[in-house]
Protein chains: 2
Amino acid sequence: MKKSLSLTEENYIKAIFQIGTTPESNVSTNALADNLQTKPATVSDMIKKLSHKKLIFYEKYKGVTLSASGSKEALKIIRKHRLWEVFLVNHLNFKWDQVHEIAEQLEHIKSSELVNRLDDFLGNPTIDPHGDPIPDANGQVQLGPSKLLSEMTSHENGIIVGVKNEDPLLLQHLDKINVRLGLHIEVTEVNDFDQSIQVKLADLGTMFLSEKITSQILIAKNL
Amino acid sequence: MKKSLSLTEENYIKAIFQIGTTPESNVSTNALADNLQTKPATVSDMIKKLSHKKLIFYEKYKGVTLSASGSKEALKIIRKHRLWEVFLVNHLNFKWDQVHEIAEQLEHIKSSELVNRLDDFLGNPTIDPHGDPIPDANGQVQLGPSKLLSEMTSHENGIIVGVKNEDPLLLQHLDKINVRLGLHIEVTEVNDFDQSIQVKLADLGTMFLSEKITSQILIAKNL
DNA sequence: TTAAATTTTTAGACTAATCTAAAAATTAAT
DNA sequence: ATTAATTTTTAGATTAGTCTAAAAATTTAA
Ligand SMILES: [Mn+2]
Ligand SMILES: [Mn+2]
Ligand SMILES: [Mn+2]
Ligand SMILES: [Mn+2]
């Protein structure tokens with residue numbers, strides 16, 4: 001039986017997964033240090049360990065990518081994180097801006113039985129409170145097509161399906177201006193100078209959104 | 001703001017609380033080493049640290065007792081442990097013999113907001129699945145009078161209100177012989193030789209119970 | 001009340017995770 | 001194509017938590 005990952009190792013694996021885009025872009029030492037709020041020297045050490053454990057592929061000075069077993073571990077952690085976020089919002093009445101920090105702790109609880117029962121208790125949700133897809137017990141994620149609101153042009157429309165970032169300040173702001181998942185949105189005007197746009201939100205009227213915000217909002221085609 | 005306790009420190013504080021009886025019996029180094037599955041030398045070191053942090057009172061070679069702040073911390077951890085056990089049994093359909101290990105992890109999740117919301121979600125339970133009282137948000141526990149089944153004499157009767165031990169093998173055995181919390185029990189005979197007793201359980205008829213079992217079962221007066 | 005047994009503490013060492021400072025390799029700019 | 005800037009790795013320390021072995025204190029027994 002292979003020994004289970006330490007909390008720190010889990011956080012590295014998750015960070016590598018989340019920084020790395022598809023397909024396999026090599027994740028740099030500095031990017032990891034940044035993401036994990038640690039120093040490059042520390043990352044270099046940990047990378048050697050994870051590489052030795054065959055969780056990542058590593059060539060000196062070339063960055064890392066997850067191996068198959070590394071990806072599997074990452075997906076398990078992300079699954080737990082997102083299921084717990086659903087629990088916190090749907091059953092404990094937390095707001096979507098309050099759950100990420102707590103889920104950062106809960107995602108490390110080790111018990112596959114617990115995760116699967118939690119999944120059932122929650123009704124096998126497919127997305128978390130921020131619109132992120134929840135991997136199933138086999139690590140499969142199904143992810144509908146979507147694009148950033150910042151990439152849409154005049155008269156394009158769709159449904160708000162996610163936010164890319166879980167910064168509480170962003171989420172609270174979106175709450176305040178009534179931008180929520182599931183709402184229909186239509187771009188009415190794009191300002192070429194600063195990329196700010198005007199949108200019509202469901203039946204709540206029109207509003208202006210800065211590029212800082214539109215670059216964090218995911219829209220799906222309104223089929 | 002005082003830095004929060006490490007997972008290890010929390011486990012020491014909890015162990016000291018649970019070993020120490022009322023009033024303040026000094027908890028020995030060996031008892032702690034035993035309970036925490038570690039070595040006396042390790043305990044000696046940690047004791048110095050906890051003493052320095054004023055969580056325990058310590059005199060060399062004399063054992064330790066919790067300070068007021070130490071007790072407060074212990075009660076917070078125990079509250080979390082027991083609330084999570086209620087969640088696991090009542091909402092995720094775990095059996096009472098399956099929850100202790102998982103609760104050992106969940107009890108270290110740090111968020112008072114989470115604990116209090118969980119408490120409300122569960123309906124502010126006063127006991128956990130093993131009959132142990134759950135401290136409230138202020139650390140208050142209310143504990144009805146009870147005695148061990150092993151201390152009862154012929155014709156005494158009462159209600160089964162708790163088990164002292166969470167060993168899965170004990171709990172599974174109690175399940176198998178239909179010994180559950182809330183049942184009425186009457187001692188029909190005590191065997192002086194081996195302290196085994198015969199009992200009448202609710203309307204399930206009579207059975208024999210060894211001292212090993214009766215010494216783990218708590219009975220309250222049937223008022 | 002000495003001696004023996006037990007408990008507890010100290011001394012010294014190890015691992016995981018971290019840091020700073022400096023060296024080495026890579027990448028970008030002249 | 002050299003040089004300069006940046007990134008990454010190594011070297012050497014540090015802290016928390018742990019261990020073994022040995023010394024010191026306490027408790028128990030003769
Ligand atoms: Mn999150
Ligand atoms: Mn999320
Ligand atoms: Mn328990
Ligand atoms: Mn319990």
Side-chain angles (χ1 to χ4, degrees), chain A residues 2-16 19-21 24-66 70 73-74 77 104-105 107-108 110, chain B residues 2-16 19-21 24-66 70 73-74 77 104-105 107-108 110:
Chain A
K2 65 195 73 162
K3 211 175 142 283
S4 87
L5 302 183
S6 75
L7 187 144
T8 305
E9 290 172 329
E10 288 195 344
N11 281 335
Y12 272 81
I13 292 295
K14 180 168 63 119
I16 294 168
I19 294 169
T21 57
E24 57 195 82
S25 62
N26 287 39
V27 175
S28 76
T29 300
N30 273 358
L32 272 172
D34 237 56
N35 186 285
L36 293 164
Q37 316 226 72
T38 184
K39 296 288 181 291
T42 308
V43 173
S44 264
D45 281 346
M46 181 58 73
I47 273 175
K48 270 179 233 146
K49 199 196 331 184
L50 296 175
S51 172
H52 194 256
K53 289 192 179 187
K54 316 266 192 203
L55 292 159
I56 61 178
F57 298 119
Y58 168 56
E59 267 185 287
K60 268 188 191 171
Y61 296 98
K62 298 269 174 78
V64 300
T65 52
L66 289 175
E73 289 301 323
I77 302 161
E104 286 287 308
Q105 296 178 64
E107 73 189 3
H108 301 290
K110 285 172 171 59
Chain B
K2 64 194 76 166
K3 208 173 143 285
S4 85
L5 302 183
S6 74
L7 186 144
T8 305
E9 290 171 329
E10 289 195 343
N11 281 336
Y12 273 80
I13 293 295
K14 181 169 61 116
I16 294 168
I19 296 169
T21 58
E24 57 194 80
S25 63
N26 286 40
V27 174
S28 76
T29 300
N30 273 359
L32 273 172
D34 236 56
N35 187 286
L36 293 164
Q37 317 228 70
T38 184
K39 294 291 180 290
T42 308
V43 172
S44 264
D45 282 346
M46 181 59 72
I47 273 175
K48 272 179 230 144
K49 196 190 343 177
L50 296 176
S51 173
H52 194 257
K53 289 192 178 186
K54 317 264 191 203
L55 291 159
I56 60 178
F57 298 119
Y58 168 55
E59 268 185 287
K60 267 189 193 168
Y61 295 99
K62 299 271 176 77
V64 300
T65 52
L66 289 175
E73 288 302 323
I77 302 161
E104 287 286 309
Q105 297 178 61
E107 72 188 4
H108 301 290
K110 286 172 170 57

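Letters A, B, ... mirror the listed sequences (proteins, then strands); counts begin at 1.
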Subject >> Results of salt bridge (charged side-chain N to carboxylate O under 4.0 Å, His left out) for B:Lys54 - residues two or more places apart only >> reply: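 Here no residue qualifies.
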
**OP:** Can you see which heavy atom on B:Asn26 is nearest to which on B:Gly63, and at what distance?
**Re:**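 B:Asn26 and B:Gly63 have their closest heavy atoms at ND2-O, 3.8 Å.
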
Original post:
Think A:Thr38 has a side-chain N or O under 4.0 angstrom from the OP1 or OP2 of C:dC19?
Top reply: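 It does, given that an N or O in the side chain of A:Thr38 lies less than 4.0 Å from OP1 or OP2 of C:dC19.
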
Original post:
Knowing that exactly one of B:Lys3, B:Lys14, B:Lys53 qualifies, which makes a salt bridge (Lys or Arg N to Asp or Glu O under 4.0 Å) with B:Glu9?
Top reply: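 Testing B:Glu9 for a salt bridge (Lys or Arg N to Asp or Glu O under 4.0 Å) against B:Lys3, B:Lys14, B:Lys53 leaves exactly one candidate, B:Lys53.
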
Take the protein atom [atom1] of [X] and the nucleotide atom [atom2] of [N], then report the distance between them rounded to whole Å.
X       : N      : atom1 : atom2 : result
B:Asp34 : C:dT7  : CG    : P     : 10 Å
B:Leu7  : C:dA16 : CG    : C1'   : 15 Å
B:Lys53 : D:dA16 : NZ    : C1'   : 10 Å
A:Met46 : C:dC19 : CE    : C1'   : 14 Å
A:Asn26 : D:dT7  : CG    : P     : 16 Å

Would you tabulate the side-chain donor-acceptor contacts of residues 33-41 of chain A under 3.5 Å, counting partners in other chains and residues two or more places apart, or write 'none'?
none

Original post:
Do A:Glu10 and A:Lys110 sit within salt-bridge range, that is, some charged N less than 4.0 Å from a carboxylate O?
Top reply: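 Looking at A:Glu10 and A:Lys110, the cut-off is met.
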
Original post:
Of all the choices, D:dT7, D:dC19, C:dT18, which nucleotide is nearest to the side chain of A:Asn30 once you look at every atom?
Top reply: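 It is D:dT7.
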
**OP:** Do nucleotides 9-15 of chain C as a string where each nucleotide becomes B, S or -: B if the base has a protein heavy atom under 4.0 Å, S if just the sugar-phosphate does, - if no protein is that close.
**Re:** BB-----

Original post:
Just how far is it from atom OG of A:Ser51 to atom NZ of A:Lys60, taken to the nearest 0.5 Å?
Top reply: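 Answer rounded to 0.5 Å: 11.0 Å.
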
